[in-house]
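Values below: all heavy atoms of this structure, side chains included; hydrogens, waters and symmetry mates excluded.
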Amino acid sequence: MVNGSLENSIVTVGVGGTLGGSGKVGALTVNGTLSPGNSPGTLTVAGNLTLGAGSTYVAEVQGAVADRVNVGGTASLAGTLRLVPLGGAYSFNSPYTLLSAAGGRSGTFGTVDTTGSFGAGVATSLSYTANDVLLTLTAGSLAPIVGPSSLGVTAPANALAVASGIDRAVASGADASPLFALYNQPAAAIPGAVNQLSGEVHTATGAIGNAVAGSFLGTMLDGALPGRLGSAAPAPGTAAFSSRLSKGHDLSAKHSLLDQPRFALWGATFGAASRTEGDAVVGSARRSLDDAHLAVGADLRLLPDTVVGAAASIGKARASLAGGLGKVETDVFQAGLYGMTKIGGLNLSAAGGYARLDNDVSRAVPVLGNSLTSDYASTAWSGRLQASAAVLSWNGLSFSPLAALQAVRVHNPAFAERGIAGGAAAALGVASDDQATSRSELGLQLDTQALLGGVPVTGFVRAAWAHYFQRDAQISAGLAALPGASFTVTGARPDRDGALLAAGVDAKVSERVSLGARLDSELSANTRRLGGTAQLRVSF
């Protein structure tokens with residue numbers, strides 16, 4: 001180790017010997033190993049340098065620094081160049097000078113190898129000038145690593161979309177240095193590291209909008225609660241006769257509009273918890289979602305069997321993705337209008353709603369050491385049409401087939417993520433988008449009524465088949481640190497077909513006050529959702 005000066009000496013390194021240090025020597029001939037610096041550093045050769053055919057030049061590379069030999073005379077090269085990566089903040093396309101000879105360079109290294117390695121996404125390129133030996137690190141293609149065709153399997157579409165977007169940007173001249181830590185991973189780790197960049201968590205805002213809007217529409221159209229339309233007929237166990245009829249004629253009296261409450265106020269709490277599994281082909285992650293809300297509404301009876309009303313609700317929702325891919329916390333405000341009517345035995349109802357979702361999104365990208373955040377307001381418009389008819393009654397039970405159509409459209413604005421720790425190399429600029437979800441429902445409802453302790457009680461169970469026509473769950477985004485790196489990713493989506501199961505019980509505790517409770521669920525191969533509602537209604 002020469003850390004002082006042997007400038008006036010002629011040094012020869014024999015086979016099996018090693019010369020290192022950051023000092024100065026005179027003329028130098030190497031038949032063994034030349035390892036300049038003290039990990040890493042620069043060795044100065046005042047005279048000429050000759051590297052023999054059996055020699056090895058060991059060049060350590062750490063961050064932006066590499067071992068170097070400065071030669072005052074000429075440099076004659078042969079033998080092996082061995083690169084030793086030591087880690088650090090490397091840069092792409094910024095050449096490291098491994099050797100510089102003021103008197104000129106001749107020859108090249110016969111072999112270039114690496115001890116340890118750079119990551120699978122890093123390519124090394126050695127070039128020679130008249131005086132210098134230069135090492136350049138370049139970004140390799142990520143898509144072949146994420147989805148190698150030799151494996152005979154389909155790569156996860158999300159990770160492949162991100163990798164292809166980055167590759168296109170690099171091919172167009174973008175500097176991938178901010179993403180060096182991603183490239184510097186083993187091949188097996190790169191697909192998961194690439195997927196961390198996708199921003200898939202932002203697809204959850206559409207799922208939140210669809211979930212909360214669907215629950216709100218169902219609450220507004222809960223016609224089974226006594227007092228909504230049910231009061232057009234006497235409650236079970238109450239008198240069904242009128243003194244206006246002649247004596248001896250015990251016929252049911254038909255209610256007039258003046259006999260019935262014209263106005264009612266109701267309040268309800270509702271919420272749900274759900275889990276939707278990801279798709280291995282898409283590469284989407286499992287999503288968990290829960291929400292809770294408080295709603296109030298007012299009914300106005302226009303005709304004996306026609307009610308219209310308005311409602312509003314406030315609440316909170318939260319969604320998180322498996323694998324630490326991020327979470328969304330949302331404040332929700334909803335408002336809606338609805339109407340219900342009876343035509344003979346046919347029940348028809350419709351509702352429309354508006355929602356504002358104030359989203360706070362956070363996610364981490366461990367491969368780059370980034371923690372990112374964003375906040376933006378989404379809006380949702382929703383509608384539901386439903387119909388049912390009691391076609392069979394027997395021994396206090398009634399059977400009603402039912403059908404419904406429901407649609408929700410969530411609009412997300414364009415926004416940019418911000419770095420809160422570790423920089424913002426992975427920050428995304430996300431384009432505005434609309435996510436639509438629509439489905440049909442076909443099912444059967446069983447209703448019953450009874451007196452419990454003198455309190456009229458009704459109950460129901462319902463089963464339906466849901467078929468989704470639209471299941472939008474995509475975002476289009478680009479990496480702010482790598483212009484041109486744009487891609488589209490897809491989040492978890494419900495299956496095309498699923499089962500809807502519900503049950504409820506209502507009690508008319510007085511002539512004007514009713515209580516109700518509901519449980520409802522959605523089940524399919526990849527979706528589990530359980531929700532509940534409690535409602536209080538006071539009519540006037």
Side-chain angles (χ1 to χ4, degrees), residues 154-162 164-165 194-215 272-291 317-330 332 355 357 359 361-363 374 376-382 406-415 417 428-440 466-478 486-498 522-529:
T154 302
N158 283 350
L160 189 58
V162 177
S164 298
V194 167
N195 199 48
Q196 293 175 17
L197 303 180
S198 70
E200 182 192 336
V201 66
H202 295 292
T203 65
T205 58
I208 291 173
N210 179 62
V212 302
S215 295
S274 66
R275 187 175 75 176
T276 303
E277 300 295 335
D279 186 320
V281 174
V282 173
S284 54
R286 183 180 70 248
R287 180 182 62 240
S288 299
L289 193 160
D290 56 80
D291 60 282
R318 178 177 57 190
S320 60
L321 268 59
L325 292 181
K327 63 180 181 179
V328 184
E329 295 186 352
T330 303
V332 183
L357 314 174
N359 307 299
V361 186
S362 59
R363 66 186 187 99
S374 56
Y376 51 94
S378 304
T379 55
W381 294 93
S382 59
Q406 180 174 298
V408 181
R409 180 174 292 274
V410 179
H411 174 74
N412 294 314
F415 62 91
E417 294 181 318
L428 298 178
V430 182
S432 63
D433 70 86
D434 292 287
Q435 297 184 25
T437 304
S438 60
R439 75 184 188 197
S440 63
H467 175 73
Y468 285 89
F469 302 103
Q470 294 173 288
R471 303 174 299 156
D472 295 346
Q474 292 183 328
I475 61 164
S476 295
S486 59
F487 49 83
T488 298
V489 298
T490 302
R493 301 184 297 176
D495 287 322
R496 283 285 184 189
D497 298 286
E522 179 176 355
L523 303 173
S524 69
N526 78 333
T527 299
R528 299 290 186 274
R529 178 182 180 276

S.K.: List the residues meeting side chain to side chain donor-acceptor pair (under 3.5 Å) with Thr488, not counting sequence neighbours, and say none if there are none.
M.R.: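 Once residues adjacent in sequence are excluded, the partners of Thr488 under the side chain to side chain donor-acceptor pair (under 3.5 Å) criterion are Ser476.
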S.K.: Which residues pass the side chain to side chain contact (heavy atoms under 4.5 Å, CB included) test with Ser382, not counting sequence neighbours?
M.R.: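 Applying side chain to side chain contact (heavy atoms under 4.5 Å, CB included) to Ser382 gives Ala213, Leu217, Val408.
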S.K.: Under the rule for side chain to side chain contact (heavy atoms under 4.5 Å, CB included), what residues qualify as partners of Ala477, not counting sequence neighbours?
M.R.: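 Side chain to side chain contact (heavy atoms under 4.5 Å, CB included) list for Ala477, sorted by chain: Leu428, Val430, Phe487.
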S.K.: Give, for atom CG of Leu357 and atom NE2 of His411, the distance between the pair rounded to the nearest 0.5 Å.
M.R.: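 With rounding to 0.5 Å, CG (Leu357) is 11.5 Å from NE2 (His411).
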S.K.: How would you list, by chain and number, every residue that makes a side chain to side chain donor-acceptor pair (under 3.5 Å) with Thr490, sequence neighbours excluded?
M.R.: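 Side chain to side chain donor-acceptor pair (under 3.5 Å) list for Thr490, sorted by chain: Gln474.
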S.K.: Please name all residues satisfying side chain to side chain contact (heavy atoms under 4.5 Å, CB included) with Thr203, sequence neighbours left out, ordered by chain then number.
M.R.: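 With neighbours one apart ignored, the set is Glu200, Ile475.
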S.K.: Any chance the side chains of Asn158 and Ser198 put a donor and an acceptor closer than 3.5 Å?
M.R.: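 No pair is found: no donor N or O on one side chain lies under 3.5 Å from an acceptor on the other.
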S.K.: Can you list the residues that meet the side chain to side chain donor-acceptor pair (under 3.5 Å) rule with Thr205, with sequence neighbours excluded?
M.R.: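 Side chain to side chain donor-acceptor pair (under 3.5 Å) list for Thr205, sorted by chain: Asn412.
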S.K.: I need the minimum non-hydrogen distance between Ser438 and Gln470, along with the two atoms involved.
M.R.: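 Shortest heavy-atom contact: OG-OE1, 3.0 Å.
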S.K.: Only counting residues at least two apart or in another chain, list the ones meeting salt bridge (Lys or Arg N to Asp or Glu O under 4.0 Å) with Arg529.
M.R.: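 Checked Arg529 against salt bridge (Lys or Arg N to Asp or Glu O under 4.0 Å); matches are Asp520.
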S.K.: I need the full list of salt bridge (Lys or Arg N to Asp or Glu O under 4.0 Å) pairs touching residues 317-328, with sequence neighbours left out, sorted by first then second residue.
M.R.: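 Of all non-adjacent pairs touching residues 317-328, those that pass salt bridge (Lys or Arg N to Asp or Glu O under 4.0 Å) are Asp290-Arg318.
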S.K.: Do Arg496 and Tyr468 get their side chains close enough for a donor-acceptor pair, meaning under 3.5 Å?
M.R.: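 No, no side-chain donor-acceptor pair sits under 3.5 Å.
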S.K.: Could I get the full list of ring pair (Phe, Tyr, Trp, His ring centres under 6.0 Å) partners for Phe415, not counting sequence neighbours?
M.R.: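 Only His202, Tyr376 meet the ring pair (Phe, Tyr, Trp, His ring centres under 6.0 Å) criterion with Phe415.
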S.K.: Determine the minimum heavy-atom distance between Gly498 and Ser524, stating which atoms define it.
M.R.: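 The pair with the smallest heavy-atom distance is CA-CB, 3.9 Å.
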S.K.: Please identify each residue that fulfils side chain to side chain donor-acceptor pair (under 3.5 Å) with Arg363, with sequence neighbours left out.
M.R.: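 Partners of Arg363 under the side chain to side chain donor-acceptor pair (under 3.5 Å) test: Glu417.
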S.K.: My understanding is that only residues two or more places apart in sequence, or in another chain, count here; which of them pass side chain to side chain contact (heavy atoms under 4.5 Å, CB included) with Ala322?
M.R.: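 Arg286.
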S.K.: Does Arg275 have any salt bridge (Lys or Arg N to Asp or Glu O under 4.0 Å) partners at least two apart in sequence or in another chain, and if so, which?
M.R.: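 Testing Arg275 for salt bridge (Lys or Arg N to Asp or Glu O under 4.0 Å), a comparison that skips the adjacent residues, returns Glu277.
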